[in-house]
Amino acid sequence: MKVLVINAGSSSLKYQMIETDTEEVLAKGLCERIGLDGSKLTHTPENKPQYVEEKDMPTHKTAVKMVLDALVHPEHGVISDTGEISAVGHRVLHGGQYYSDSVIVNDDVKKVIKDCFPLGPLHNPANLIGIEACEDAMPGTPQVAVFDTAFGQSMSPKAYMYAIPYKFYEKYSIRKYGFHGTSHKFVSGRTIKFAELDKNDCKVIVCHLGNGASISASIGGKCVDTSMGLTPLEGLIMGTRSGDVDAAVVQFIADNENLTVDEVLNILNKESGVLGISGVSSDFRDLSAAAADGNERAQIALDAFIYRVAKYIGSYVAAMNGVDAITFTGGIGENDCATRGKICEYLGYLGIKIDEESNKLRGKEMYISTPDSKVKVLVIPTNEELAIARETLELVK
Ligand code: AMP
């Protein structure tokens with residue numbers, strides 16, 4: 001079965017065509033600068049040269065049409081007719097409190113995605129436009145919504161409630177939701193299989209460390225806590241997001257810099273994190289190089305990032321009263337051996353022992369702990385597109 005996976009952003013649209021029988025990626029690509037000058041499609045079919053088309057893309061509808069044209073093109077296409085696409089899986093940011101699982105899109109689902117616009121103002125409108133563009137282009141083909149917030153829906157009130165007046169939860173559904181849920185579910189599931197853990201009550205912590213970073217605690221594959229909150233701003237220090245800060249910082253910067261709340265939040269989302277501390281880069285490779293050259297702020301940024309991850313791991317071990325496995329994923333978690341090693345240096349009290357040779361490897365499913373480590377520590381590469389294709393297949397097969 002062929003499943004098209006779509007991740008629509010406000011001015012971009014990423015896609016992958018996946019053959020679910022073999023889980024092979026037949027083609028992937030990206031539409032950039034939708035609705036802006038200089039829009040372009042980059043289409044990368046398997047075993048064929050990359051194809052780039054620079055053409056006006058005023059709307060997501062045009063972008064979807066260009067993607068489908070590229071997929072069926074005689075030279076760089078990978079299917080002969082769009083009828084071969086059995087279903088489309090869409091990454092949708094926010095499903096609010098309505099969805100704890102993926103769903104086939106109908107009018108009710110679209111209404112929920114719309115009702116959640118205030119909770120995901122940048123992504124949900126784009127996600128809905130992507131769904132509607134695919135419905136128009138492929139009438140009758142099932143569309144599936146896979147929510148980034150779904151995994152976090154199993155948290156209990158003690159984990160998701162903010163200690164603010166209850167009326168704000170009742171009126172506006174203000175609570176912790178958690179994001180990167182598709183990745184956390186996929187990676188915790190793979191961890192359970194790879195490490196042969198008891199699937200009903202194993203305690204797993206997944207550290208998704210990339211430009212966006214989050215951490216989850218799950219028992220028996222069900223999320224009990226996660227670090228991102230009402231929005232992806234909360235939790236770990238990220239590439240450009242601050243993660244946890246005292247909320248009074250917002251007022252302090254607004255008053256002293258004569259900025260609006262929106263402007264301060266933009267700073268906390270886009271100019272903070274390791275970029276904000278270091279002033280060098282949001283990219284860990286640049287930061288490590290700068291720190292090695294003696295840049296003090298780059299070193300502080302790295303140390304603060306590592307310290308925050310270690311603190312969250314400690315708090316989740318306490319929340320679950322133990323842990324069986326800790327897994328690293330995401331661009332940093334899969335590749336940055338030094339950062340992984342330094343996080344684990346904080347975890348000796350758990351009886352964790354890291355195998356230095358294994359920890360030098362990257363990008364594949366593996367243990368990095370020694371066989372006698374009390375807690376298993378693993379690397380599991382995440383694959384959100386494959387996870388979306390699998391969820392889609394489950395619903396339509
Ligand atoms: P992601 O958002 O998951 O794509 O992750 C992006 C982050 O992963 C960036 O900070 C990169 O510097 C980091 N990263 C990717 N590859 C490596 C690598 N080989 N060594 C260190 N960091 C890496």
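Whatever order the structure lists them in is the order used to number ligands and atoms, beginning at 1. All residue numbers in this chain count up from 1 along the given sequence.
Protein residues are said to neighbour a ligand when one of their heavy atoms lies under 4.0 Å from it; for ligand 1 these are Gly210, Asn211, Ser282, Asp283, Phe284, Arg285, Gly330, Gly331, Ile332, Asn335, Asp336, Arg362.
In this structure, Glu391 pairs ionically with Lys185, as a charged nitrogen and a carboxylate oxygen lie closer than 4.0 Å. Taking 4.0 Å as the cut-off between side-chain N and carboxylate O, Glu23 and Arg390 count as a salt-bridged pair. The pair Asp115-Lys111 meets the salt-bridge criterion, with a side-chain N (NZ, NE, NH1 or NH2) lying under 4.0 Å from an Asp/Glu carboxylate O. By the 4.0 Å N-to-carboxylate-O rule, Glu357 lies close enough to Lys360 to be salt-bridged with it.
Side-chain contact between Leu4 and Met138: present, with at least one pair of heavy atoms (C-beta onward) separated by less than 4.5 Å.
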Might you work through the salt bridge (Lys or Arg N to Asp or Glu O under 4.0 Å) test for Glu365 and Lys193, ending with a clear yes or no?
CA-CA 11 Å; Glu365 293 192 351; Lys193 286 216 172 87; over 6 Å; no
